[in-house]
Number of protein chains: 2
Amino acid sequence: MSENTNDPRIVRTMHMLREALLELMEEQGFERITVKDITSKAGLNRGTFYLHYADKYDLLEKTTEDMMQGLRQIAQTFDPLDLVLHESPDTPFPFTVRLFEYFGKHVRFFSVMLGPKGDPAFSSKFQEFMRVHLLDKFNEFHHSEDHVPVPWDYLTAYLISAHLGIVQYWLEQGCKHTPWDIALMFTRMTQLSPIQSAGLKK
Amino acid sequence: MSENTNDPRIVRTMHMLREALLELMEEQGFERITVKDITSKAGLNRGTFYLHYADKYDLLEKTTEDMMQGLRQIAQTFDPLDLVLHESPDTPFPFTVRLFEYFGKHVRFFSVMLGPKGDPAFSSKFQEFMRVHLLDKFNEFHHSEDHVPVPWDYLTAYLISAHLGIVQYWLEQGCKHTPWDIALMFTRMTQLSPIQSAGLKK
DNA sequence: TCCTCAAATGAACTTTGTGTTGATTAATGA
DNA sequence: TCATTAATCAACACAAAGTTCATTTGAGGA
């Protein structure tokens, strides 16, 4: 397992392995894939795989970490103050648009990993990401713990999972709506009750 | 692969295999498990496994199907009219209580399968269950497709995933709240917007 | 340009898990 | 008690994992 990422041969090889993994995941899901599949799709020797990764799980982990790194960079541009100040019901929150653009850019990865053939540990990781980078920051604004209709931690679980559900559904549907459209739905669902969102009330 | 479930030896063996599967999934997730792992944890011969199941996927499927059968039975007691007529914000919807009692009765299974080491295909199955048995029935009551704030299918995805999230969080926390308490939260979150649920408005 | 070092290759090898088979032992229930 | 059949045990062929090492290839420095 090499560490030196300067050698262009190494960079090239690792990139080819990751690309092959993504293509195969799209075709058959992660578990059916063998190391032989990956290397032959990448046009490399099977032995070469083991020079860089311990096994296919290791390769998946490293690939995942790259994607999470991208998400963290986007998260840095998030300011809860913007969300509080954002009132318009017809324009989406810009940060959300940016997130969906990123998902769209890496559809193959996210639609497999968050889909029924994916890795539930990745969904957990993604939920943890939303909790830490989005909701916990927002939580700083309210400290009234008494007599709320629903405890904060349950509301958090509800919202995080709901939003993940939208992401999954959007990917599942082949990203038919634009990031802007989806982001607008988010904005509205946060402002309205489910019953209102359905157009059944007020 | 035997069919006769009368022989106590068969019942006992199949039960031991299923229990072993759940324990191992909890420890290392489904994919890393081998048939040898399962049988040695169950204290059985490896050959015995193949007398009852084709492979580990078959075992998982059969186990899952049993649980889904239980859910379907509960779903038969659901009438969307009850939900429409239910107005009280301080008593939960009885059907929801029944569901959570069932989860509590089979904590081992549900907390493993819906957790980070579980099977994302099961989550999908469970979501499909909620869509068919709960939301589609409810959908019959409104046919106003025009100018709703959020399209029905996205709202459905949002709600189903949100509710799944609550179930997961409840299991993860070791079922600290009673089924009654959780059901009440559901009732409130459906009636209020997320902002209201947090106690930030009105 | 040539030379050196490390990456990639190819082939052989061991190990591990799968799924099957057939003979043997042990439990069930009539 | 006895026939039936589940469970065990050992052996098998097979596929993929992971290792090893000699050889070839290519990148970068002198």
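Labels below follow one simple rule: chain letters A, B, ... track the order of the sequence lines, proteins then strands, and each chain is numbered from 1. Hydrogens, waters and symmetry mates play no part in the numbers below; they use all other heavy atoms, side chains included. None of these values were measured; they are calculated from a predicted model.
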Interatomic distance where [atom1] belongs to [X] and [atom2] belongs to [N] [whole Å]:
| X | N | atom1 | atom2 | value |
| --- | --- | --- | --- | --- |
| B:Phe49 | C:dG17 | CZ | P | 15 Å |
| A:Arg12 | D:dG28 | CZ | P | 13 Å |
| B:Leu51 | C:dG22 | CG | P | 14 Å |
| A:Leu17 | C:dT9 | CG | C1' | 14 Å |
| A:Ile10 | C:dC5 | CD1 | C1' | 12 Å |

Taking side chain to side chain donor-acceptor pair (under 3.5 Å) as the definition, give me every residue that meets it alongside [X], ordered by chain and number, with sequence neighbours left out.
| X | value |
| --- | --- |
| A:Ser40 | none |
| B:Asn45 | none |
| A:His177 | B:Tyr154 |
| B:Lys125 | none |

Short N/O separations, protein against nucleotides 26-30 of chain C, under 3.5 angstrom:
unit_1 : atom_1 : unit_2 : atom_2 : d
C:dA27 : N3     : B:Arg9 : NH1    : 3.2

Taking only nitrogen or oxygen atoms into account, show me every contact under 3.5 Å that the protein makes with nucleotides 11-17 of chain D, one pair per line with its distance.
unit_1 : atom_1 : unit_2  : atom_2 : d
D:dA17 : OP1    : A:Val35 : N      : 3.0

Non-neighbouring partners of A:Asp136 that pass side-chain contact (heavy atoms from CB on, under 4.5 Å), sequence neighbours left out: A:Arg131

Residues which pass side-chain contact (heavy atoms from CB on, under 4.5 Å) with A:Ser124, listed by chain and number, not counting sequence neighbours: B:Pro116

Shortest side-chain distance from B:Asn45, nucleotide among C:dA8, D:dC9, D:dA7: D:dC9

Lys/Arg-Asp/Glu bridge criterion (N-O < 4.0 Å) met for A:Lys41, A:Asp37: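 A salt bridge is absent here (no side-chain N lies under 4.0 Å from a carboxylate O).
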
A:Glu31/A:Lys56 salt bridge by N-O under 4.0 Å criterion: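 Yes, charged N to carboxylate O under 4.0 Å.
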
Pairwise ring pair (Phe, Tyr, Trp, His ring centres under 6.0 Å) hits with a residue in residues 59-83 of chain B, at least two apart: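 Listed once each, the pairs are B:Phe78-B:Phe95.
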
Only distances under 3.5 Å count here; give the side-chain donor-acceptor pairs of residues 16-26 of chain A to other protein atoms, sequence neighbours excluded, each with its distance to 0.1 Å.
unit_1  : atom_1 : unit_2   : atom_2 : d
A:Arg18 : NE     : A:Tyr53  : OH     : 3.0
A:Arg18 : NH1    : A:Asp66  : OD2    : 2.4
A:Arg18 : NH2    : A:Tyr53  : OH     : 3.3
A:Glu19 : OE1    : A:Arg108 : NH2    : 2.8

Phosphate-side-chain proximity, A:His52 and C:dA8, N/O vs OP1/OP2 below 4.0 Å: yes

Angle of first-five versus last-five pair axes in the helix from C:dT1-D:dA30 to C:dA30-D:dT1, to 10 degrees: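 Helix axis angle between the two ends: 30°.
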
Sequence neighbours excluded, every pair satisfying salt bridge (charged side-chain N to carboxylate O under 4.0 Å, His left out) that has a member inside residues 160-182 of chain A: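 Those involving residues 160-182 of chain A do not exist here.
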
